[in-house]
Protein chains: 2
Amino acid sequence: MRPIIPNISVDCVVFGFDMKKLNVLLTERQLKDPKTDEIIFTDYTLQGHHVLEGENLNEAAIRVLRDKTGLHDIFLEQFHTFGNTDRMLNERDILWTEKIYPMVAHHVVSVGYYSLVDSATVKPDQAHQQTKWFSVEDLPELGFDHAEIIEKALYCLRVKLSREPIGFELLPEKFTLSQLQSLYEAVLGKKLDRRNFRKKVALMKYVIPLDEKQRGVAHKPAQVFIFSKDVYQRTKKEKLDFSI
Amino acid sequence: MRPIIPNISVDCVVFGFDMKKLNVLLTERQLKDPKTDEIIFTDYTLQGHHVLEGENLNEAAIRVLRDKTGLHDIFLEQFHTFGNTDRMLNERDILWTEKIYPMVAHHVVSVGYYSLVDSATVKPDQAHQQTKWFSVEDLPELGFDHAEIIEKALYCLRVKLSREPIGFELLPEKFTLSQLQSLYEAVLGKKLDRRNFRKKVALMKYVIPLDEKQRGVAHKPAQVFIFSKDVYQRTKKEKLDFSI
DNA sequence: TTGCATAGTGTATAATTAACACATAAGCTG
DNA sequence: CAGCTTATGTGTTAATTATACACTATGCAA
């Protein structure tokens with residue numbers, strides 16, 4: 001295995017959508033006293049790891065996701081780099097770093113990526129016991145500067161979603177318009193008008209209705225749609241929609 | 001002097017506006033044969049430097065600007081981090097790094113910042129001989145991956161300018177509406193309608209007319225305005241203008 | 001005083017956004 | 001199987017915002 005670069009890491013904010021709210025994948029971090037086995041603290045962190053020698057940043061992010069969640073071929077976007085000298089210097093982080101990673105630098109610069117997945121495809125059970133989904137509205141205690149990283153990631157996701165149709169990455173392949181709308185509402189954090197929303201979507205030629213309806217629901221079944229990246233690539237015009 | 005971190009640097013894309021076009025500040029890089037004094041190559045690079053031990057990324061960017069251009073208290077924004085393993089491995093860069101910085105790592109991750117200045121305040125003469133303004137439309141041969149960095153910086157600047165009134169950072173304190181318009185045109189890369197532009201600006205309460213006119217121009221003198229960051233902060237509403 | 005160059009101004013039309021309510025279909029329950 | 005529950009699906013009007021477009025005003029220079 002290639003050696004790590006001790007002072008450069010990537011952290012991945014994995015966003016997932018469960019048809020109700022926007023979630024973030026977090027891993028439990030627990031420090032125990034080696035003698036008494038007493039828990040010193042418990043909190044949560046993002047999925048992250050050091051970049052390896054000879055590895056590109058993007059590659060590192062892809063590797064982290066694969067290793068820590070089993071995910072591959074998913075949407076990934078670099079959004080900000082965090083390099084304050086004090087970002088690993090609160091009390092718990094010092095304890096943790098000393099015990100677990102004594103060989104690692106004190107000042108690690110971390111490149112932030114966010115990724116988007118359909119919550120249902122990630123079952124944080126088997127191999128990754130201590131990994132769980134948390135609503136972005138109700139996060140647990142976080143290690144390092146990861147609260148700040150998540151906040152920034154969410155902001156960047158909102159900006160991005162308002163410009164580009166990346167929301168589909170958070171949905172299963174087939175979805176209904178209500179699901180799409182509730183995704184937008186979850187990410188943007190506000191309610192949208194159903195009829196106006198559907199009018200907008202109707203203009204997106206890359207959201208394609210299938211000859212298929214929802215099944216097994218206790219109400220009028222909805223039409224099922226897919227997103228065609230292909231059609232999108234071909235029909236998008238380089239509109240940056242500069243507002244002046 | 002504090003030691004450098006050998007594998008982390010910042011690169012600053014300094015944008016300047018000269019009332020006509022958008023420019024970038026670049027520094028000549030010339031490699032000479034130490035014996036014959038023959039020029040092996042000449043090209044240009046951004047202002048960059050390694051981060052120092054114990055230094056935040058932002059601080060490093062501020063320091064680089066101060067040391068390389070004399071600028072201080074200016075607008076700075078981190079926009080992307082460049083860390084491909086091959087970013088310093090084209091032929092000229094290898095030659096250069098071997099001769100000039102033999103002790104530095106081959107794989108340097110560079111955090112990109114852009115800054116905005118009024119071209120007139122930077123006179124790249126005295127201390128910084130080899131530093132010159134170049135139109136973003138007509139760049140010289142660039143070292144490392146700096147062409148890519150500039151392209152990304154320009155894209156991010158456009159996105160940012162379309163959301164927030166940061167253009168004023170590129171103008172002198174007092175400016176006319178025509179100057180403001182031509183700044184927007186230069187950054188966004190397209191012509192705007194004068195009357196519609198002025199209607200827009202009229203809605204920005206933080207663009208304040210002074211009781212003062214342009215002087216010494218061979219035509220009707222224009223009204224002079226200032227930008228009030230203060231009024232902006234107080235009147236901006238958190239509008240992310242999500243288009244759905 | 002005339003010419004030149006840029007400043008400054010308003011209106012009509014088109015496009016986009018925002019607000020809003022009722023009929024429909026499937027499963028469930030009794 | 002009747003009726004209840006729940007989410008789907010659909011159109012119009014008003015308000016706002018964006019676009020297109022042409023002439024007069026002012027100061028300086030020749």
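Below, read A as the first sequence line, B as the second, and so on, with proteins coming before strands; counting in each chain starts at 1. Values below: all heavy atoms of this structure, side chains included; hydrogens, waters and symmetry mates excluded.
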- Query: Checking B:N56 side chain against B:N58 main chain: does a donor-acceptor pair fall under 3.5 Å?
  - Reply: no

- Kindly write out the residues that satisfy salt bridge (charged side-chain N to carboxylate O under 4.0 Å, His left out) with A:E137, not counting sequence neighbours, or none if the list is empty. none

- Note on the structure: A:K213 NZ to C:dT24 P, in whole Å, measures 14 Å

- Task: Answer yes or no: is there a donor N or O on one side and an acceptor on the other, between the side chain of A:Q214 and the main chain of A:A222, under 3.5 Å?
- Result: yes

- Starting from P on D:dG9, measure out to CG on A:L177 and report it in whole angstrom. 6 Å

- Query: B:F227: what forms a ring-ring contact (aromatic ring centres under 6.0 Å, His included) with it, not counting sequence neighbours?
  - Reply: B:F168, B:Y206

- Integer-rounded Å distance: C:dA19 C1' and A:K191 NZ: 17 Å

- Hey, could you give me each pair passing salt bridge (charged side-chain N to carboxylate O under 4.0 Å, His left out) that has a residue in residues 141-152 of chain B? Not counting sequence neighbours. B:R87-B:D145, B:R92-B:E141

Between the protein and nucleotides 4-6 of chain D, list the N/O to N/O atom pairs that are separated by less than 3.5 angstrom.
none

- Checking D:dG27, D:dT8, C:dT17 against the side chain of A:K200 (C-beta onward), the nearest is C:dT17

- Keeping to residues at least two apart or across chains, list the side-chain hydrogen bond (donor to acceptor under 3.5 Å, both in side chains) pairs with something in residues 13-27 of chain B. B:D18-B:K21, B:D18-B:N23, B:K21-B:N23, B:T27-B:Q47, B:T27-B:T131

- Message: Measure CZ/A:R215 against C1'/C:dA25 and give the value in whole Å, please.
- Response: 15 Å

- Item | Partners passing salt bridge (charged side-chain N to carboxylate O under 4.0 Å, His left out) against A:D230 (at least two apart in sequence or in another chain) | A:R234

- Query: Reckon B:S178 has a side-chain N or O less than 4.0 Å from the OP1 or OP2 of C:dT6?
  - Reply: no

- Hits for ring-ring contact (aromatic ring centres under 6.0 Å, His included) against A:H80, two or more places apart or cross-chain, chain-then-number order -> A:F82

- In whole angstrom, give the distance that lies between atom CD of A:Q223 and atom C1' of D:dA7. 15 Å

- Task: Return the value, rounded to whole Å, for the distance between atom CZ of A:F175 and atom C1' of D:dT8.
- Result: 16 Å

- Message: Considering only residues two or more places apart or on different chains, which pairs with a residue in residues 166-183 of chain B satisfy salt bridge (charged side-chain N to carboxylate O under 4.0 Å, His left out)?
- Response: B:E169-B:K229, B:K174-B:E212

- Note on the structure: Whole-Å distance, B:Q214 CD to D:dG27 C1', equals 11 Å

Each nucleotide N or O in nucleotides 20-22 of chain D that has a protein N or O under 3.5 Å away: list the pair and distance.
unit_1	atom_1	unit_2	atom_2	d
D:dA20	N7	B:N196	ND2	3.1
D:dA20	N6	B:N196	OD1	3.2
D:dA20	N6	B:K199	NZ	3.3
D:dC21	N3	B:R195	NH2	3.3
D:dC21	N4	B:D193	OD2	3.3
D:dC21	N4	B:R195	NE	3.4
D:dA22	N1	B:R195	NH1	3.2

- Message: If I take atom CZ in residue B:F197 and atom C1' in nucleotide C:dT9, what distance separates them, rounded to the nearest angstrom?
- Response: 16 Å

